[in-house]
Number of protein chains: 2
Amino acid sequence: MTDQDPAYSPKHYRTPDGAPADIVIFTITSTEKPTTKKSLPLRRLEILLIQRKKWPFEGHWALPGGFSSPEESIYACALRELQEETGVESVHLEYFNEYSEPGRDPRGWMISHAFYALVKEDALAARRAADDAADVRLFSVEEALDMKLAFDHRQIIQDALIHIRRSMLTTTIAKEFLPAEFTLSELYQVIQTVVPDFEEKNFIRKVTSTQSRKGIVEAVQEVDGSPKMSNRYSQRSAQLYRFTDEEPTLSIYG
Amino acid sequence: MTDQDPAYSPKHYRTPDGAPADIVIFTITSTEKPTTKKSLPLRRLEILLIQRKKWPFEGHWALPGGFSSPEESIYACALRELQEETGVESVHLEYFNEYSEPGRDPRGWMISHAFYALVKEDALAARRAADDAADVRLFSVEEALDMKLAFDHRQIIQDALIHIRRSMLTTTIAKEFLPAEFTLSELYQVIQTVVPDFEEKNFIRKVTSTQSRKGIVEAVQEVDGSPKMSNRYSQRSAQLYRFTDEEPTLSIYG
DNA sequence: ACAATAGTGTCTTTCAGACACTATCCC
DNA sequence: GGGATAGTGTCTGAAAGACACTATTGT
């Protein structure tokens, strides 16, 4: 009932056997459509998994992660693991849940801390070439959820998906999957890749000319003030946009 | 780099000294205005704190909580602690963060798991009378944040506030502070108590007659089909509403 | 009559939704 | 010219924002 039992002493209680951090590393891969014309790529949401080499779950695919130590916070641990895995600095890394069901880890009492990270495809490409081993791979979300994964990692991935989908619609994390300057079609594609149900009919108009959304994106201009365009994906070139610093607050009541 | 080091064995690493759960228990207290007429009460957002009786932070006020055991999940632990503290079943209890900065607990390597709970005032009243000890008390949010609290509990409370405020505007947790049937003034008051900046000019109209909000609340009717009213807070009686099961999804893009 | 809450009327501006239409430009 | 993307025009109805106004009733 009180914070600590009066008889508390570290020796009297069993203590956890470890506090690992597991990371759901999301990336969006692009593949060109087999067409002669310029076109928007096919995008797919993928997750990085690692094949385990020993007990428990030897041979199974699992989320990357590792044990934290008393000299670092759990977040610092996750960041370290992520950098070791991807070689990327300054990625979006966000904590979303703990996993502590009794028996979830045959090695003992392990309380896992789950993060999700958003990484651009090219950031992973270099790393994966380095250790080209077949034991690190990207899987599409559907593939990953169909596999028999180690521990409760399937559940963790499902929960991570719920979080990334909500964040994609309520925050500006889409920018983590996009270059600094992007076209609105790219943005629309990224959102749809993460949230398949997403559909907005007059997307361009809503994003560009709705005052109540307070300009989450703004048109990029050339140094001479003319609009900066891109024709990477189309014959007709498209206006480039960038995210502003606005983080809109949403409300169901107004 | 891999999930677990090949040389891993539980004995080789230092393990955490405990995995406590701490709970920020929010309640809204009501006090009548000193007026002769019926009126809306003054509402205040308060937090339940406990005064510690021993090292560390003896005499300091702290969040209620306790150590988890390997036989229960962290959530189950928090639920158990909350029930011991408040005697309440079926309250809203939500996990929101972990706290693991090195040195945060002088007793050793303690990874704390923070929850927030939303409890109705009357649920706490009974319990607080039972152990009328001066070592369990409600403090207003402002008071609590002005005090020198144990551990990093001030930080935990600040983070909990951010979460409860966002949830208050983006989900229907307001119902946790309201009776099953309530007037729209009550709802408005509750929202404002948690989110002081909240202001919507045509609140009644927006909540009742905006289709895009898909009816998060609905008017309550008497058995004979006539509108069910309440005059608890006013001379003129007001329509009673209840929350529906709708949980609206919000988006910044549409 | 008045205090206190509970609404309604009305006007203007903005936004949403639909969808046909034009624009660009490389192949 | 056709294919692929990038927009615009235009109309309707719904919603937002402001704020003055009416309604109810215990004291």
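The figures here come from the full heavy-atom set of this structure, side chains too, leaving out hydrogens, waters and symmetry mates. All chains are named by letter (A, B, ...) in the order of the sequence lines, taking the proteins before the strands, and each is independently numbered beginning at 1.
- Contact check on Glu142(B) versus Arg44(B) returns no salt bridge, with no Lys/Arg side-chain nitrogen under 4.0 Å from an Asp/Glu carboxylate oxygen.
- Sorted by first and then second residue, the side chain to side chain donor-acceptor pair (under 3.5 Å) pairs with a member in residues 163-174 of chain A read Tyr116(A)-Ser167(A), Thr172(A)-Lys175(A), Thr172(A)-Glu247(A); sequence neighbours excluded.
- In this structure, Tyr233(A) places its OH atom 12 Å from P of dT5(D), rounding to the nearest Å.
- Protein atom CG of Leu184(A) is 17 Å distant from nucleotide atom C1' of dA4(D), rounded to whole Å.
- The shortest distance between side-chain heavy atoms of Tyr253(B) and Val217(A) does not fall below 4.5 Å.
- Nearest-nucleotide positions on DNA chain C place Ser39(B) closer to the 5' end than the other of Ser237(A) and Ser39(B).
- Per the geometry, OH belonging to Tyr188(A) stands 15 Å off P belonging to dG7(D), to the nearest Å.
- Asn97(A) pairs by the side chain to side chain contact (heavy atoms under 4.5 Å, CB included) definition with Tyr99(A), Asp159(A), Tyr95(B), not counting sequence neighbours.
- Counting any heavy atom pair closer than 4.0 Å across all strands shown, Lys37(A) reaches a base atom.
- Contact annotation: the side chain of Leu145(A) approaches that of Leu161(A) to within less than 4.5 Å [non-hydrogen atoms, C-beta and beyond].
- Put simply, NE2 on His92(B) and NZ on Lys120(B) are 12.0 Å apart, with the number rounded to the nearest 0.5 Å.
- Per the geometry, CD1 belonging to Ile204(B) stands 5 Å off P belonging to dG7(C), to the nearest Å.
- Between the NZ atom of Lys33(A) and the P atom of dA4(D) there is a distance of 8 Å, given to the nearest Å.
- Here dC27(C) presents its P atom at 10 Å from CG of Asn231(A), a figure rounded to the nearest Å.
- Atom CD in Gln235(B) sits roughly 10 Å away from atom P in dT25(D) (whole-Å rounding).
- Comparing atom distances between the Arg236(A) side chain and each of dT24(C), dG9(C), dG7(C) picks out dT24(C) as nearest.
- The residue Leu40(A) sits close only to the backbone: its heavy atoms come under 4.0 Å of sugar-phosphate atoms, none of a base.
- Side chain Arg205(A) to base dG9(D): a donor-acceptor pair is found below 3.5 Å.
- When rounded to the nearest whole Å, the span between CZ of Phe203(B) and C1' of dG17(D) equals 16 Å.
- Below 30°, between 30° and 60°, or above 60°: for Phe198(B) and Phe203(B) the angle between ring planes is above 60°, a perpendicular geometry.
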Give every pair of a protein N or O atom and an N or O atom of nucleotides 14-16 of chain C that lie under 3.5 Å apart, one pair per line with the distance.
residue : atom : partner   : partner atom : Å
dT14(C) : O3'  : Gln211(A) : OE1          : 3.4
dC15(C) : OP1  : Gln211(A) : N            : 2.7
dC15(C) : OP1  : Gln211(A) : OE1          : 3.4
dC15(C) : OP1  : Ser212(A) : N            : 3.3
dC15(C) : OP2  : Gln211(A) : OE1          : 3.4
dA16(C) : OP1  : Arg213(A) : NH2          : 2.6
dA16(C) : OP2  : Thr210(A) : OG1          : 3.4

